Undergrad: 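Quick one: the structure is below, questions incoming.
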Amino acid sequence: MSQTTKQIEEKWLAKWDAAHIFEADPNPVKQKIMVTFPFPYMNGPLHVGHAFSASRVDAYARFKRMQGYNVLWPWAWHWTGQPILGASQRIAKGDQTYTRVLREVDGVPQEELQKFVDPNYLAQYYTNEGKNAAKRIGFSVDWRREFTTVWPTFQKFIEWQYKNLKELGYVIRGTHPVVWCPKDQSPTGDHDRQSGEGITPEKYTLIKYKLDENTVLPAATFRPETIYGITNLWINPDATYVEAKVNDKENWIISQEAAEKLKDQEKTLTINRTLKGKELIGKTFENPLTRDKFPILPGWFVDTKTATGIVYSVPAHAPFDWLALKDLQQKPEIMHDFGIDPQIVLQIKPVSIIKVDGFGEHPAVEIVEQMGIKDQHDSKADQATKELYKKEFHSGKLKSNCGIYAGKSIREVKDQLVTDFTKLDIADIMYDLPEQVVCRCMTPCIVKILSDQWFLNYSNPAWKEKAKEVISQMKIYPETVRADFYAKIDWLKEWACARTTGFGTPVPWGQGWIIETLSDSTLYMAFYTINKHINQNNISPKALTPEVFDYIYHGKGDKTQITNATPGITVELLDAMRKEFLYWYPFDLRNSAKELVPNHLSFCIFHHAALFPPQHWPRGIGVNGMLMVEGQGMHKSKGNFITLKSAIDKYGADATRCGLMMGAEGMDDPDWRADNVNELKNKFEALTNFATNIVITPPQTASIEQIKNSALERWLQNKLQYRICEVTEALEELKTRTALQTALFEVWNDIRWYMQRKGNTTTAANAVALVDTVKIWIKLLTPFAPYMCEEIWSQTGETGFISTAEWPQFDEKKIDFEAEEQENLIIDILADTQNILKATKITPKQLVFYTAATWKWQIYLKILEKTKTGETRISDLMKEFSNTPELKPYLKDIAALVPKILKTATKLSTNRKTNMIKIQNINEQQIIQNALNFLKDKFDAEITVYSEDDKNRYDPKNRAPTAIPYQPAIYIQ
RNA sequence: GCGGAGGUCGCCCAGCAUGGUCAAAGGCGUAGGACUGAGGCUCCUAUCCUGCAGAGGUUCGUGGGUUCAAAUCCCACCCUCCGCACCA
């Protein structure tokens, strides 16, 4: 980063600060806009990913501010949760890899690092750094409203929020299975795992088969409907099982491992004895539903580490069961080892209970044959199982032997069946992990059912409905995300909103619980509105009673009574806070990356639906993609982590902002490419020089009245009007990429064209037009590159800030079709001539253009009009022309001309046709004549223009007759 | 598995809702030229193939279909990316 860029940034940052231009207070005569960005979590520095989402917010905020809105953009810092503590602990433990990352990636100085053993210090360090970076990047934030989520004043707000949610019945008590580390005594989230990322507990149904009156054999299954097709149980003869009293009721026989697991799943177990599986082989048991009796057979494949270690066999529908049975039936003598008559095994036949398309009586038997699976050790057996389960689940129907469920599809009865069986007390549930999960502390994890857990009841249908109402009245950028929001609202269920460890606000009614981190950041945007007063008046947390918040946010209660009860808050102050809330709320835009849609943003919607009336529901939510770095996801471990500070240091604030916003919009993931950002940095230097040169060249002394704009100036102004529209419309839709591209490149290209066209000399009209254009141009760029624009703005002699200057207005008076079409003529001539030169490879010495004869215009315009309205036939046109007396002499030529014009007409947009018809004839000869110097320069050749009507024209190849309006004939020598 | 997004001319990407204005915007890259002591600055020009006259040919994941006309509409298929919970 060049010294000057840095100086410019520091200069304007100081000026903005001194002038307090981003501090926003209620102003009844001005319309407000409140924009927000989810507060970043402070266990590390702000990075370019944060900056991407936030830059979009800032661009919108700056745009709206320039449009004259009273814009509030507040900011705060998220400290709630485990990671700050975790980071601090790792440092305390002397984790070298971790401290190295902090030094090298985060850029933390060694002397600071030592103090990070204090988590508060760590978080405060990153908060300070973060604020610095957020300011330097140029975010137009009102910092008077800043806070962190551990400030006691903020925590009072959270307490109020949860008190209300609970009273409204949105917080409930319940149980929930989690992956749990027995050593840490806490849930083990994905980030805390050594292995087993993404693994979640799976729910098994246990069917309580009866060994005898008091003893049950709980067999685990994902397919309880297959109870009707059971033929036997499988028990691993070599494994150790236990007999245990469960919940002081039944005797269960389960694997030793299962007994340990169930202790953490809300069951009490007293183990009476251990036994070998062998002991059970050959015994019979009863299906509790049908009272039928079946044998217990040896299954060496049974894994006692999975669920209960007891499996029931459904050979008609489970490939593994069929294979195991087949293997056994092929070697029935093995049964002698268990003292059992082999006949028991040989008599077993698969029982078909599911009809599924593409299969006959016994799908499992068929699929095993089809895939040529030899035995249970064949690796294809797994695949066959998955395939068949899927097929049966989606399209299978239960047969007549399935009791009251006969005829139903598996998909529709599954849940019902589980509920029914549980009621009948023939089924229970158990959770287990499909793969091993190991905690960072190297302890294997288990599933624990947390009881007495607090939940936000997002399953509540009435709440869901209300949340959807919030969505339906909201603006969503881009609109495609709306469907996603509806889907997520439906999908969300109870959310455990309290934890026992980490930073956060204690649950007001529960000892030892803390409001979980995603659950304390759902409504806080409302806190911004009043926190200015809390900060400025140093209001004590004690004064922030529920009654105070009730008054501020709900207008409830009597203000005199409330303030009498709360020293430190006067009636005026209370009123001011209430008014401030009413003025700003709701927020108009909250923008974040798409990963927050299923959680944070949806929660935010839920909580607003619960606690605020419709007039305070969010008005707009923006979503954008996830930032990639050089085509890859950004991770500290990948070594491609870019902090915001380092980006600004290297490329400057403007290039960083624009490099990010240029990357993508909508749901696409932007890609940060250092080369591109560097290119932008250069571009901005070039732009600054370019623009400065224009604005410091004083327009010649001619007075405004004397300045006569040529078509060229009118063309430029006309173009600019379109650009203003495009940028404005794109920004309104938060299409920051489109807006930036147009504002930067398109306008620049327009100006370049103009400068080329006007040639080397600069007239007063030229100078004035250019200065005007540049001023509008940099205004359009201000939301994106504010520092550069302030600097150029000041060069123009303006004394105010461009940040608060008026956004360019579309001016209909400056729309000039004629100037546009005239210029199109030149552009087309240029392109056509170049095309010919390319094809012929001629180096031109002389160029001659022949403009169309006057009579041709009548035909041209007529055809335009006809083609505008619909299909046009040549014969009809010819008929019409032959009936026009003044065209009589040219009828022969017209016959050739009409198809040609018709063809060019189809290539014109309706818009242009309309304009051309409005304009009627243009003086092509004059227009080309005016552009003669330009064309000469371009082609480095002599150029002459004749009209086709000119009898004395120089036309050695007789080209002139091919001329048509807007397409002069060309002769090249 | 469930839910969502997407596959466009070397790359990033616009266009697709309202079919013809689309060989398809813009940026990057590349090539040539200008400027310069020099340039990794900047400016101009070119950049699917063919073409000695402003044209033609073949393209928008694949295969079909609708239509006078399809990158755009319909159907099928292939592929890629993202989220899936107690965690920020």
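Lettering follows sequence order; numbering is per chain, from 1. Excluded from the calculations below are hydrogen atoms, water molecules and symmetry mates; all remaining heavy atoms, backbone and side chain alike, are included. Bear in mind the structure is a predicted one, so any value in this text is a computation, not a measurement.
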Undergrad: Hey, which of A/Glu733, A/Gln741, A/Lys735 is the one that makes side chain to side chain contact (heavy atoms under 4.5 Å, CB included) with A/Glu665?
TA: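 Of A/Glu733, A/Gln741, A/Lys735, side chain to side chain contact (heavy atoms under 4.5 Å, CB included) with A/Glu665 is met by A/Lys735 alone.
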Undergrad: Taking the six-membered ring for Trp, does A/Trp491 stack with B/A85 (centroid gap under 5.5 Å, planes within less than 30°)?
TA: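 Ring-base stacking flag set for A/Trp491 and B/A85.
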Undergrad: Can you find an N or O donor on one side and an acceptor on the other, under 3.5 Å apart, linking the side chain of A/Asp832 with the base of B/G54?
TA: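 Yes, the side chain and the base share a sub-3.5 Å donor-acceptor pair.
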Undergrad: I'd like the P distance from B/G64 over to B/U59, given in whole Å.
TA: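 Rounded to whole Å, the distance is 12 Å.
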Undergrad: Between B/A55, B/A25, B/C28, spot the one nearest the side chain of A/Glu679, thanks.
TA: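 Nearest to the side chain of A/Glu679 among the choices is B/C28.
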Undergrad: Does A/Trp748 or A/Lys488 map to a spot on RNA chain B nearer the 5' end, using the closest nucleotide for each?
TA: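 Nearest nucleotide further toward 5': that of A/Lys488.
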Undergrad: Is A/Tyr458 reaching over with its side chain to a backbone N or O of A/Phe603, donor-acceptor style, under 3.5 angstrom?
TA: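 No, because the side chain of A/Tyr458 does not come within donor-acceptor range (under 3.5 Å) of the backbone of A/Phe603.
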Undergrad: Of the nucleotides B/G54, B/C86, B/A25, which has the atom closest to the A/Ala496 side chain?
TA: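 Side chain of A/Ala496 sits closest to B/C86.
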Undergrad: When you check the gap from the basic side-chain N to the acidic O, do A/Asp675 and A/Arg673 get nearer than 4.0 Å?
TA: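 So A/Asp675 does not pair with A/Arg673 through a salt bridge.
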Undergrad: Hey, does the side chain of A/Arg673 come within less than 4.0 Å of B/C12's phosphate (OP1/OP2), counting only N and O?
TA: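 Result: no.
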Undergrad: Which value, in whole Å, describes the distance between the C1' atoms of nucleotides B/A55 and B/G51?
TA: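 These two C1' atoms come out 8 Å apart once rounded.
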Undergrad: Using atom C1' of each nucleotide, how far apart are B/A17 and B/A31 to the nearest Å?
TA: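 Rounded to whole Å, the distance is 40 Å.
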Undergrad: Under 4.0 Å from OP1 or OP2 of B/G27: is there any side-chain N or O of A/Asn749 that close?
TA: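 Yes, A/Asn749 has a side-chain N/O under 4.0 Å of OP1/OP2 on B/G27.
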Undergrad: Give me the distance, rounded to whole Å, that separates B/A76 from B/C9 when you measure between the P atoms they each carry.
TA: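 The answer is 25 Å between these two P atoms.
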Undergrad: Is the side chain of A/Asn43 donor-acceptor paired with the backbone N or O of A/Pro83 at a distance under 3.5 Å, no angle test?
TA: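 No; zero donor-acceptor contacts below 3.5 Å.
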Undergrad: Suppose you measure atom P in B/C77 against the same atom in B/C22; what distance do you get, rounded to whole Å?
TA: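 After rounding to an integer number of Å, I get 34 Å for this pair.
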Undergrad: Are any non-hydrogen side-chain atoms of A/Phe455 and A/Val171 less than 4.5 angstrom apart?
TA: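 With C-beta onward as the side chain, the pair stays apart.
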Undergrad: If I pick the P atom on B/C11 and the same atom on B/U66, what distance separates them, to the nearest angstrom?
TA: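 About 33 Å, rounded to a whole number of Å.
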Undergrad: Considering only B/C28, B/C81, B/A85, which nucleotide approaches the side chain of A/Asp669 most closely?
TA: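 Selected nucleotide (nearest to the side chain): B/C81.
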Undergrad: Quick one: sort the A/His600 and A/Tyr524 rings into parallel, tilted or perpendicular, breaks at 30° and 60°.
TA: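 Ring orientation, 0 to 90° scale: tilted.
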Undergrad: Go through B/C12, B/U45, B/A53 for me and flag the one nearest to the A/Arg737 side chain.
TA: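 Of B/C12, B/U45, B/A53, B/C12 is nearest to the side chain of A/Arg737.
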Undergrad: Watson-Crick or G-U wobble partner for B/G83, using a 3.5 Å limit on both distances?
TA: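 Matched B/G83 with B/C2 under the 3.5 Å cut-off.
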Undergrad: Starting from the 5' end of RNA chain B, give me the residue, A/Pro670 or A/Gln967, whose nearest nucleotide shows up first.
TA: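 Counting from the 5' end, the first nearest nucleotide belongs to A/Pro670.
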Undergrad: Rounding to an integer number of angstrom, what distance separates B/C75 and B/U67 when you compare their C1' atoms?
TA: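 The same atom, C1', in both gives a distance of 16 Å.
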Undergrad: Determine which nucleotide pairs with B/G39, using a 3.5 Å limit on both distances of a Watson-Crick or G-U wobble pair.
TA: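 Because no pair has both required distances under 3.5 Å, B/G39 counts as unpaired.
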Undergrad: Counting only Watson-Crick or G-U wobble pairs whose two distances fall under 3.5 Å, which nucleotide matches B/C68?
TA: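 Per the H-bond distance test, B/G20.
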Undergrad: B/C81 and B/G33: how far apart are their P atoms, nearest whole angstrom?
TA: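 Result for the P pair: 43 Å, nearest Å.
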Undergrad: Report the base-pairing partner of B/U47 (Watson-Crick or G-U wobble, both distances below 3.5 angstrom), or none.
TA: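 Across any shown strand, B/U47 pairs with B/G29.
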Undergrad: OP1 or OP2 of B/A46 less than 4.0 angstrom from a side-chain nitrogen or oxygen of A/Gln834, does that happen here?
TA: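 Yes.
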Undergrad: Output the single nucleotide from B/U45, B/G26, B/A14 whose closest atom is nearest the side chain of A/Glu746.
TA: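 Among B/U45, B/G26, B/A14, the one nearest the side chain of A/Glu746 is B/G26.
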Undergrad: Can you identify which nucleotide, out of B/C86, B/G51, B/A88, has its nearest atom closest to the A/His78 side chain?
TA: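 The closest nucleotide is B/A88.
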Undergrad: Does B/C77 have a Watson-Crick or wobble mate here (both distances under 3.5 Å), and if so which one?
TA: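 Per the H-bond distance test, B/G61.
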